Amino acid sequence: MERFHHHQGGATTSNATNFDLKCGKKRGSYNCGRCGLPKKGHVCNLTPTTTTTTAITSTPTTDSCNSARGSTIDHASHSHLRRALSFDEADDIRSGFHSDLDDADEAELGFDYPEIDPDASGCLPASCLWEILRRLPPAGILSAARVCKGWRETTRKIWKAAEVLRLTVPSRAQVGFVGSLLQKYSRLVTLSLRLESDLDSMLLACIAFSCPSLEVLEITKSQSSINRITGGELGRFVADKRCLKILKMEGCSSLGSFSLCSSSLGTLWLSDLRSLSKMAFNCPNLKEISLEFCRQENDSTDLVAMVDGMGRGCPRLQNIHISSFRLSHAVVLALTAAQLSELRMLSLVLGVDITDASVASIASSYPNLELLDLSGSSISDSGIGMICNVFPDSLSRLLLALCPNITSSGIQFATAELPLLELMDCGMTICDPNAQDSTSETGDHELSKQPNSKFHLIYQKLIIKHNHLKKLSLWGCSGLDALYLNCPQLEDLNLNSCKNLHPERLLLQCPSLRTVHASDCKELVVGAIRIQLDKAAAPEENLLSCKRLADGSKRIRVPPLINSQSSDNYTKRRRVGSHQCNILMS
């Protein structure tokens with residue numbers, strides 16, 4: 001007991017020691033841990049404050065004291081999963097991850113604050129101590145646990161109450177240490193792993209054992225790490241986790257084959273798939289699926305059988321994204337034969353053999369699509385005409401990048417006939433065939449194809465007038481030399497690598513424009529964009545602050561002190577008109 005007291009003299013120390021020995025074990029606090037009033041005859045009316053779902057970012061190391069740190073991981077910067085199904089949002093809510101503590105406060109756990117002795121915890125009520133400690137990073141929580149018994153009990157319950165964990169596993173970390181860390185979270189619901197080491201069945205079994213209530217699992221990896229999970233191991237994991245709703249995994253090149261059976265799984269994202277021999281789905285509640293295959297010509301996956309089994313085993317699919325060089329018209333026919341009545345978003349990327357006939361099949365089977373992504377296909381302006389005839393009242397996002405048979409006429413027709421369109425991607429469509437160094441934003445030079453149409457013009461102009469369009473992407477359109485935009489709601493414009501645009505043939509009437517991407521463009525074009533944006537941001541003249549003389553002969557400007565209402569209106573109009581627009585050059 002002497003080590004807990006300051007030494008002010010030998011007599012003082014001796015008296016304090018004798019006093020502690022006579023008192024024996026100290027009783028609990030006589031005051032309520034919630035409101036601080038005496039417990040005798042007191043019924044507390046205060047309800048327990050909702051416990052925050054703690055979002056902890058921890059990095060295991062060999063030192064247990066430094067096993068966690070509170071640095072925030074940028075999910076968007078580490079994830080390589082394609083976001084075509086949620087292209088419009090910066091952070092998809094459907095993915096189940098909330099990075100801000102304010103969002104986590106919405107989850108009520110009904111937690112009862114522990115009874116803590118105020119004398120042993122700095123005279124703080126339990127609710128106050130809880131709210132302070134739960135905001136600490138993991139390293140701070142470990143340090144707080146060494147202060148006293150009351151704080152140690154509180155930190156122990158904080159570990160148990162956490163529902164969201166973001167974990168970076170370095171290459172030197174051991175599976176046993178990761179398991180001991182996960183066992184602290186008995187209520188863990190969302191787990192996001194960033195792996196710098198290899199992923200094998202041991203780590204997957206550790207997750208299954210340590211997180212019995214897991215609903216969301218996302219596994220991303222670095223370029224140096226390898227995912228060694230096989231199809232059988234993944235199938236057993238999904239079957240055992242009966243609460244799992246969202247599964248996202250990168251680097252699935254070792255699956256070989258898989259069979260997924262789950263009644264709770266609602267979202268499935270798998271990337272880097274390669275040469276799958278067998279795929280079976282029995283997920284009646286699956287609503288979103290994203291399958292990205294490796295970009296290799298020798299892939300032997302039978303996509304027709306895969307889509308056929310997906311249609312039978314997942315009847316409630318709403319969002320489908322498939323990226324593969326083996327996409328063809330036969331795959332589209334298998335998809336239309338599935339008759340998925342709830343399908344709203346369809347993304348078939350890099351399918352060179354997808355033609356206008358495929359568009360006709362999609363339009364006849366799924367007339368209520370809200371997103372259609374046929375990037376990398378061989379559709380032409382005729383296919384765009386079919387899209388406009390079938391989806392004028394539903395389609396809001398259209399992505400047709402890397403489609404060399406599309407001309408500016410087809411793009412103009414789409415914007416004129418689709419009034420609800422908010423996002424359109426036409427990157428690498430209007431290309432200069434004489435260009436030696438065609439730039440592709442995805443980094444795949446083999447995707448640049450020569451147009452099949454004999455009447456494909458080298459230099460074209462594009463005129464777009466749309467009242468609802470918010471995002472327009474024309475990246476890599478080196479065959480575009482004139483651009484006229486009249487889009488009052490446009491916020492994001494991508495003109496990267498539009499090398500042949502002429503500044504005198506560029507007109508932007510977009511007062512809501514916030515971001516313009518203009519890397520690899522001419523300096524004169526960038527200067528013309530900046531001049532037009534500065535003119536659009538200039539405040540309009542306020543005519544409400546002008547009055548005529550008594551004889552009505554002349555207008556004079558009234559000082560703001562005389563007409564306060566006009567001054568307020570002028571301030572508001574100036575604030576609205578003078579927004580900032582960023583021009584990104586890199």
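Quantities reported herein were computed from a predicted structural model and do not represent experimental measurements.
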Glu288-Trp269 side chain donor-acceptor pair, cut-off 3.5 Å: yes
Test item: Asn496 side-chain N/O and Trp475 main-chain N/O as donor-acceptor pair under 3.5 Å: no
Non-hydrogen side-chain atoms of Arg187 and Val189 separated by less than 4.5 Å: no
Separation between CE of Met306 and CG of Leu335, rounded to the nearest 0.5 Å: 9.5 Å
Side-chain heavy-atom pair Ile362, Leu369 within 4.5 angstrom cut-off: yes
Intermediate values then yes/no, side-chain contact (heavy atoms from CB on, under 4.5 Å), Leu469 and Leu485: CA-CA 11 Å; Leu469 192 63; Leu485 298 180; over 6 Å; no
Interatomic spacing from OG in Ser361 to CG in Leu333 - rounded to 0.5 Å: 5.0 Å
Between CG on residue Leu495 and CG on residue Leu480, distance to nearest 0.5 Å: 8.5 Å
N/O donor-acceptor pair under 3.5 Å between Ser300 side chain and Ser277 backbone: no
Nearest-0.5 Å distance, NE2 of residue His321 to CD of residue Glu292: 4.0 Å
Distance-only polar pair, side chains of Asp272 and Ser253, donor-acceptor under 3.5 Å: no
His468 (side chain) donor-acceptor with Gln489 (main chain) under 3.5 angstrom: no
Any donor-acceptor pair under 3.5 Å from Arg326 side chain to Thr301 backbone: yes
Asp353 side chain to Ser328 side chain, donor-acceptor N/O pair below 3.5 angstrom: no
Inter-residue atom distance Asn227.CG - Thr220.OG1, 0.5 Å rounding: 11.0 Å
Other residues, nucleotides, ligands: >12 heavy atoms within 6.0 Å of Lys241 NZ: yes
Exam field: side chain Asn285 to backbone Ser263, donor-acceptor pair closer than 3.5 Å: yes
Side-chain donor/acceptor of Thr429 to backbone N/O of Cys403, under 3.5 Å: no
Ser380 and its side chain to side chain donor-acceptor pair (under 3.5 Å) partner, picked from Asn405, Thr355, Asp356, Thr407: Asp356
Asp308 side-chain N/O to Gly311 backbone N/O, donor-acceptor pair under 3.5 Å: no
Side-chain heavy atoms of Leu490 within contact of Ile464, under 4.5 Å: no
Distance-only side-chain donor-acceptor flag, Asp425 / Ser473, under 3.5 Å: yes
Main-chain N/O of Leu167 paired with Arg194 side-chain donor or acceptor, under 3.5 Å: no
Minimum side-chain heavy-atom gap Leu182-Leu191 below 4.5 Å: yes
For Ala414 against Met424, the heavy-atom pair lying closest together: CB-CE, 3.8 Å
Atom of Arg274, atom of Asp299 and distance for their closest heavy-atom approach: C-OD1, 3.9 Å
Rounded distance (nearest 0.5 Å) linking atom CG of Leu276 with atom CG of Leu303: 9.0 Å
Donor-acceptor contact present, side-chain Ser264 to main-chain Arg242, <3.5 Å: yes
Nearest heavy-atom neighbours spanning Cys314 and Leu286: SG-CD2, 3.7 Å
